[in-house]
Amino acid sequence: MSLLQVQNLVVEFPSRHGTLRALDQLSFEIAPGEILGVVGESGAGKSLTGAAIIGLLEPPGRIASGQIWLEGERIDNLPPAQMRRVRGRRIGAIFQDPLTSLNPLYSIGRQLIETITTHLPLTHAQARQRAIELLQETGIPAAQERIDHYPHQFSGGMRQRVVIALALAAEPKLIVADEPTTALDVSIQAQIINLLKSVCKKHGAAVMLITHDMGVIAETCDRVAVMYAGRIAEIGPVRDVIHAAAHPYTQGLMSCIPDIEVERQHLHQIDGAMPRLNAIPSGCAFNPRCPQVLARCHHERPELMPAVTTEAACWLTANAGATPSFEAQP
Amino acid sequence: MLAFILRRLLQAVLVMVTVALIAFMLFQFVGDPVSQILGQDATAEQVAEVRAALGLDRPVWVQFGHFLYNAVQGEFGMSLRQGTPVATLIAERFPATLELALVAAALALLVGIPLGVYTALRRGSALAQVFMTLSLLGVSLPTFLIGIVLILIFSVQLGWFPSFGRGEVVYIGGWSTGLLTLQGWHHLVLPAITLAIFQLTLIMRLVRAEMLEVLRTDYIKFARARGLSDRAVHFGHALKNTLVPVMTITGLQLGGLIAFAIITETVFQWPGMGLLFIQAVTFADIPVMAAYLCLIALIFVVINLIVDLLYFVVDPRLRVDHASGH
Amino acid sequence: MKTTLFKWLDSDVGHSFRSSPAALFAAAIALVCGLAALFAPWVAPHNPFDLATLDLNNARLPPAWYPEGQWTFLLGTDDQGRDILSALIYGARISLFVGLVSVLLSVLLGVTLGLLAGYLGGWVDALLMRLCDVMLSFPAILIALLIAGIGHTLFPNAHEALAFGVLIAAITLTGWVQYARTVRGSTLVERQKEYVQAARVIGVSSLAIMRRHVLPNVLGPVLVLATIQVATAIITEATLSFLGVGAPPTSPSLGTLIRIGNDYLFSGEWWITIFPGLVLVLIALSVNLLGDWLRDALNPRLR
Amino acid sequence: MSDRPTATAAFGRPEAAPGLAGGATAAATLAAPAAPLVRAVDLARTFDVSAPWLNRVIERKPRLLLHAVDGVSFEIARGQTLALVGESGCGKSTVARLLVGLYQPSRGRFEFAGQDAHAAYRSRSGRAIRRHIQMIFQDPYASLNPRWRVADIVAEPLREHGLISERAALEARVGELLQSVGLSPLDRVKFPHQFSGGQRQRISIARALATQPEFLVCDEPTSALDVSVQAQVLNIMKDLQRQQGLTYLFISHNLAVVRHVSDHVGVMYLGRLVELAPKALLFAQPRHPYTRMLLEAIPKLHHTGHARTPVQGEVPNPLNPPTGCAFHPRCPAANRRCSSERPVLQSLDGVRVACHAVEEGRL
Amino acid sequence: KTFRWSSASDIPTWDIHAQNNALGNGVHASVYESLVYYNSRTFRIEPKLATAWTQVSPNQLRLTLRQGVQFHDGTPFTAEDAVFSLQRAMAPTSNFSIFTQGIERVVRVDARTIDIFTRGPNPVLLNQLTELRIMSRAWAERNRSLEPMNIRTREENFAHRNAMGTGPFRLRSWQPDQRMVLERNPNHWGGVTSNVTEIIYTPISSDATRMAALLSGEVDFVLDPTPQDLPRVRANAALRVLDGVENRTIFLGMDQHRPELVGSDVRGRNPLQDLRVRRALYQAIDINAIHRVTMRGLSQNTGALVAPMVAGWTEGVHQRLPFDQAAAQRLLAEAGFPNGFEVDFACPNNRYINDEQICQAITAMWARVGIRARLRTLPLTTYFPMIQRYEASIYMLGWGVPTFDALYSLQSLVRTVGPGGDGNFNAGRFSNPQLDAIIDRIKTETDPHIRPRLLTQALQMHNDDIAHIPLHNQIIPWAMRANVQIVHRPDNRIDWRILNLN
Ligand SMILES: Nc1ncnc2c1ncn2[C@@H]1O[C@H](COP(=O)(O)OP(=O)(O)OP(=O)(O)O)[C@@H](O)[C@H]1O
Ligand SMILES: Nc1ncnc2c1ncn2[C@@H]1O[C@H](COP(=O)(O)OP(=O)(O)OP(=O)(O)O)[C@@H](O)[C@H]1O
Ligand SMILES: [Mg+2]
Ligand SMILES: [Mg+2]
């Protein structure tokens with residue numbers, strides 16, 4: 001049984017110009033212990049998906065339809081008090097900016113202990129002990145002393161470690177990590193990703209890793225979902241999505257990335273930009289930019305359907321059932 | 001830390017000297033105390049003699065230098081109206097104003113902050129809307145009008161509260177307090193409300209705005225994501241962060257309260273410094289005015305200093321030695 | 001003109017305006033008061049400043065709906081036989097004039113100094129901020145009282161025009177600090193932004209950068225502040241007039257009218273006090289409401 | 001339409017400079033290859049970040065100086081791209097700002113076409129040189145004045161330098177510029193917020209190109225952008241370079257991007273250049289241990305599941321840099337000498353590198 | 001019984017010789033007594049601490065002192081105390097010099113007799129003595145208060161906050177501007193019919209609040225109610241208004257000295273020097289309207305410079321010129337101002353009853369005959385110095401006569417400016433040598449038959465010249481609870497001896 005199951009999730013923003021549909025019929029699953037990568041252009045709806053799962057959509061955003069199941073229990077319609085017990089306890093979260101994620105007025109010890117005692121039946125002393133262990137585990141030297149320090153006394157990388165410790169404090173089964181390394185230095189990124197991977201493996205937690213960075217996805221994830229304009233364009237094992245994508249968007253995206261090992265005179269580029277939420281074209285949302293657009297792409301919307309090794313929402317896969325040839329990969 | 005306080009003090013001295021100087025220059029124009037002292041019927045010779053005696057015939061800067069020299073020693077001279085040393089007068093009046101201002105400040109804070117939190121958390125609810133609208137009324141009503149209307153309703157029509165004065169006071173050492181007698185509190189109600197209303201609404205609106213701002217920050221979102229209870233999030237995390245900027249404004253407002261007390265004290269015949277000042281103005285009682293202005297400046301400076309020190313208590317980012325951080 | 005109005009109404013700000021009953025209400029009142037004040041000579045039934053038309057025998061008439069009232073004096077008359085309605089219209093004109101002009105001047109002064117302090121930094125900044133400290137440690141009403149005091153005694157022979165000048169100066173000199181601080185704060189932020197640096201790289205002079213780039217981008221909060229300050233200025237004017245250093249009695253502002261009316265609080269001639277008080281509160285309230293709405297409307301994060 | 005001939009002559013650029021679309025042949029007018037267009041000599045910039053005077057006196061604290069850039073020298077030949085890479089805070093942006101005159105150098109010189117640029121910036125004719133050196137900023141959302149129309153933004157340098165004052169000509173020129181960066185001239189009347197990030201970055205480029213500069217300083221022009229948009233911007237930049245013979249200083253922390261755009265690469269660490277090499281050499285054979293680590297840290301798209309070896313340790317505090325070689329606390333090959341003696345940049349097989357280990361052949 | 005009362009301001013000091021302040025003098029009279037005092041009903045001088053007096057020579061008055069009088073501390077009242085107190089009033093720091101003017105020295109004759117020597121004949125000596133109160137010498141010595149308070153010293157005078165007199169009440173406590181408590185003196189020598197045992201005084205400066213305190217029953221008596229509130233007080237069965245004429249006359253002065261007025265549109269001449277213009281100004285004022293509307297009947301219209309109870313007043317000098325707008329316009333035309341003129345007009349705004357309103361009303365009335373007065377109103381602190389610098393063209397002034405003798409007004413207001421208090425409030429610098437001669441003669445004229453005639457003559461000459469435009473005598477209302485039994489005195493003070501509460 002999968003740990004997390006998202007079914008036909010629709011997230012909407014009512015506004016005076018009509019209701020904006022930011023997530024449209026989104027479905028995917030995460031197995032226990034699995035790392036699912038979520039990639040896509042800015043504004044594709046990655047963060048919203050994460051927020052919807054942890055139940056922290058900012059009003060006026062709301063789940064309009066669809067279901068979210070955690071360990072067989074439906075959580076999208078839980079009352080706030082119960083949802084709070086799910087958050088932190090069963091789903092942990094990590095946000096992009098470690099500096100702003102921590103309350104500057106409280107020591108990290110206090111923030112850790114507060115989180116632990118909220119969820120676990122521990123005394124203050126026990127909670128403190130556990131907090132120190134967590135810090136040690138996330139690689140903070142001299143955790144005994146540092147626990148009483150304040151966030152501003154830590155460097156960016158250390159802070160993100162603290163944030164990871166906080167997310168892991170109550171041993172959640174799932175961690176939603178929304179761009180955990182984007183704000184960090186290139187040289188620290190790898191440290192944090194490695195850490196995240198190892199501690200989650202140790203605690204048996206599954207991770208939903210949201211990022212722009214295909215490189216990070218490539219080396220970290222088991223499976224990857226590519227989002228475009230509020231929908232999943234393609235989802236499948238990481239190797240297959242990178243090397244044998246079925247969806248033209250995925251293919252385009254992969255070839256945009258300058259490769260350190262291969263030198264090219266000209267990068268491939270996908271012309272145009274992702275449509276705004278209020279101007280999503282009918283049919284396949286990618287059709288105005290798609291080099292292989294078919295007639296039906298303009299008015300029929302493709303659902304996710306099995307491609308060769310992945311699932312893709314593209315009529316090409318339905319037609320050919322095979323990877324269209326589109327700028328051969330070297 | 002020490003350097004900080006020192007710098008503050010230097011600044012304070014600068015402020016106070018400037019205030020004194022400005023005040024002093026202004027006094028040249030507020031009127032002639034001599035005709036007040038001598039009454040209408042005095043002869044020109046008498047007037048000249050008293051002017052000379054008071055040093056009013058000397059150049060302004062000489063008077064100012066003299067004033068500064070004495071003021072540094074806490075010596076502000078004699079009140080021209082009352083024939084009492086100004087220091088004594090102020091000492092007598094200060095408790096009344098301070099009590100009024102403190103009670104009003106307490107009222108403003110104790111009512112204003114919860115209301116601000118409420119209207120921020122329940123943004124959009126009917127009650128919150130009502131509070132917001134009422135609060136606007138609070139900033140739109142001139143203090144003097146509030147005072148007069150309160151007297152009209154609660155003293156004259158209903159007869160619930162006295163309309164003037166401080167009632168019975170108890171002396172503890174040289175300090176007169178009305179807070180130890182029932183009558184004292186009875187007298188305090190209307191003036192305190194009058195004085196508090198403006199500040200109350202201001203604090204409420206400020207807290208609300210700050211709170212809304214803080215509620216949008218990442219660490220609040222992250223606190224929620226950690227499954228903390230609403231109580232812990234709103235009052236443990238959000239409110240404390242809200243209070244940092246609120247403190248500054250509130251600090252300044254408290255000083256403002258003491259100044260605004262001029263109007264309230266005039267309306268309610270509250271025997272405080274404001275009343276003393278207004279009467280000094282109508283009498284051109286220069287020593288009293290000068291002392292009052294310097295005292296107000298001092299109070300502001302002290303409050304500012306306290307607020308700054310409070311920052312150190314509340315915000316760890318300021319507390320830590322620069323070198324040890326990263 | 002018409003199209004810009006429509007365009008504005010269709011914009012986000014315009015929409016939030018249309019959908020806020022409070023803002024509409026406030027705008028309506030402000031508009032009525034503003035227009036009445038602007039066209040006072042045509043709107044008001046009498047000219048309360050023309051002393052030759054006053055007749056002491058008409059003094060203290062109650063509003064028209066009372067048996068002793070007269071329809072020529074809709075809201076009654078005051079102790080000099082002045083028509084209250086006309087006095088209100090002319091008084092509001094003065095109050096609004098003083099409020100608007102003093103806010104305008106303090107915006108001008110405050111924004112200029114704030115821009116200079118924020119953009120140039122260094123000793124200019126230090127000096128100006130110390131000045132602000134001094135001003136702030138002096139309660140506004142006190143400064144105003146003193147300035148008004150000087151003005152009146154410095155030029156004892158001057159009449160109305162000067163009285164208003166003094167009022168405006170008093171309110172301006174206490175009001176600019178807020179703008180200076182706000183603008184300085186935003187300028188410090190804005191100055192770091194890359195578009196300002198881009199302009200510097202192009203070679204645009206500091207003054208031009210301040211004026212063309214920084215200024216428009218720091219004016220948002222100033223606008224909000226200014227709206228609210230108009231209300232504050234009107235109340236300050238009233239308070240000063242109430243304390244006796246404001247507008248002269250022969251051309252009374254709302255504050256002066258209230259001060260005069262204050263004497264009639266218990267005498268049964270309530271209309272002399274109540275109407276000016278109401279109008280003052282109404283104007284202050286509507287301007288405040290507008291400012292409040294504007295603050296929310298201009299804050300993108302609140303939308 | 002006036003251009004100051006004297007000023008342009010000073011930079012050796014013939015006034016017959018090619019139009020934008022026309023092309024290309026600026027390289028043909030190149031001076032002798034011996035004289036590079038851009039030359040930084042021992043550039044340094046120090047920031048005084050000490051506490052206020054009174055604090056220092058009372059707390060007995062010394063003056064705190066931050067050496068953001070500490071003796072950086074490089075050259076860029078006309079039409080070439082030098083990339084600067086390094087961790088956050090190593091001084092890349094400071095170098096960029098020094099070059100465009102946003103900062104005054106505390107030491108050293110920056111020569112543009114053989115002339116001391118900072119002296120020129122300060123002089124009355126400073127504008128003339130500003131025409132030729134332009135900058136593209138990192139954040140496309142912050143680098144355009146949100147209240148200006150695109151037409152005004154792009155026209156500002158033209159107006160400011162008095163190049164074109166006539167309205168119609170201005171309009172035409174703006175349209176031309178927009179077109180050259182792949183935007184429609186009709187976009188003139190829009191505001192920045194009506195564009196996507198990539199489009200905004202193109203507007204910035206159009207603005208930078210307006211005065212027909214020869215040297216463009218690009219401070220992380222794509223790091224705020226999505227990969228797909230990044231590709232668009234990088235392509236445009238390369239195209240422009242090819243067409244107009246532009247010279248770039250390209251700053252980035254993304255080595256993959258750097259490899260794509262640059263001719264030479266400089267690696268900075270804590271305010272100093274630790275390695276400066278032609279691109280091919282650097283990527284094929286990184287010499288400095290830090291360069292090696294950086295290369296190692298790049299996530300590789302094609303090796304899924306492979307863990308990287310992250311750079312060990314944390315970025316040091318620039319206020320309190322390690323003695324000797326600043327990198328030694330994180331360096332696997334560090335020895336005693338590294339912690340006491342600061343290595344200088346030395347030429348080695350066509351590469352310039354500052355490392356004792358390399359010099360001694362230990363690496 | 002406790003009597004709680006209020007007025008706008010507090011007394012400045014308890015030092016009876018430090019400040020000559022009307023309210024203070026009235027309050028002091030409850031604790032300190034003078035040698036002679038006015039009877040509240042007849043307003044004749046009657047014995048108090050002196051039981052008899054004789055004019056031994058034109059320059060020497062002998063007073064016999066009352067026996068068996070004790071100060072509040074139980075010490076007996078003696079001739080030493082009387083001599084000391086009168087001398088104290090003559091000290092350089094005393095503010096009572098106008099009441100000691102002309103006194104050369106005071107001499108103890110024996111334990112119950114003193115002599116007062118004057119420099120010349122002094123017709124108003126007894127009137128002056130009503131304001132010179134007696135303090136215990138021993139007490140003053142003990143507390144180093146031998147001289148009146150001196151502003152130049154840095155120390156407060158003990159007598160400033162403490163009192164030691166012989167009066168029917170003694171001072172229990174005084175917090176300036178807050179509260180003053182007086183209690184009944186059980187050992188008073190007699191003549192007191194009051195049933196009040198305690199007096200609590202609270203100054204309340206805000207008019208509205210003061211009235212609110214009366215209406216809500218927090219005080220029993222208000223000395224200075226606002227005229228407009230009186231109808232309401234009168235209508236209230238629990239309250240009562242008592243009013244009487246004060247011996248203070250309100251009038252307008254005019255600059256008759258400058259060749260050209262400041263702030264006027266008339267060039268090259270001073271219109272106010274023209275009698276016709278002054279008369280036009282006079283006749284344009286509808287005094288009855290002011291009386292009825294502005295003053296609500298609380299004024300006594302007058303054509304004289306002094307009130308009826310002042311020596312020198314007659315029905316004749318009381319007659320006003322008639323209100324006549326047509327005549328005024330005609331006079332202006334005759335004087336060469338058919339279209340009127342512009343003139344500066346200054347007024348106090350917190351000195352007399354309805355001062356500002358009266359001036360506004362007058363401005364409006366003048367406007368109707370074409371005189372464009374530019375009114376400015378000032379608080380008294382700046383107003384009096386300003387008019388004394390002769391900066392006003394037309395100004396309002398009120399003049400009370402504590403001596404009940406018109407010389408007091410004539411000398412200050414009408415006499416050409418000169419030394420020794422001559423014309424010290426002649427702020428329009430009016431000058432008529434004939435009138436000056438008469439005034440100088442009155443100063444020393446003691447003959448009870450000739451003196452009143454001279455006074456009346458001077459007042460009439462003043463009226464003929466229209467040196468000032470008289471308006472009215474103030475009528476002072478007192479508002480109180482209905483159970484207060486009190487007699488209204490023209491000097492606006494309470495007679496504590498006969499105050500009763502039912
Ligand atoms: N409060 C809101 N009102 C309207 N639209 C919103 C709101 N919040 C988000 N959206 C829209 O929802 C879409 C998805 O946003 P989301 O934050 O999930 O994107 P993302 O994929 O995380 O992008 P990024 O990589 O920039 O973080 C965007 O188009 C955004 O404009
Ligand atoms: N104006 C300044 N005042 C003080 N210190 C500064 C200033 N500008 C930069 N610094 C410091 O100089 C050092 C180098 O900064 P710089 O911005 O050049 O780094 P960078 O390599 O561009 O970093 P990033 O990759 O984060 O942009 C940093 O430690 C920074 O804190
Ligand atoms: Mg996101
Ligand atoms: Mg940078």
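All values below come from the heavy atoms of this structure, side chains included, with hydrogens, waters and symmetry mates left out. Numbers restart at 1 for each chain; the letters A, B, ... are given by sequence-line order, proteins then strands.
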- Message: So, applying side-chain contact (heavy atoms from CB on, under 4.5 Å) with B:P142, which one of C:T236, C:L280, C:I234 is it?
- Response: C:L280

- Message: Between B:V156 and chain C, with a heavy-atom cut-off of 4.5 Å, which part of the residue counts as in contact: side chain, backbone, both or neither?
- Response: side chain

- Message: Need one label for B:L145: side chain, backbone, both or neither, based on atoms under 4.5 Å from any heavy atom in chain C.
- Response: side chain

- Message: Rounded to the nearest 0.5 Å, what separates atom OG1 in B:T133 from atom CZ in C:F25?
- Response: 10.0 Å

- Nearest-0.5 Å distance, CG of residue C:L285 to CG of residue B:L141: 8.5 Å

- Query: Is the number of heavy atoms from other residues, nucleotides or ligands under 6.0 Å of B:F94 CZ greater than 12?
  - Reply: yes

- Query: Of all of C:V281, C:N288, C:L131, C:I258, which one pairs up most often with chain B through heavy atoms under 4.5 Å apart?
  - Reply: C:N288

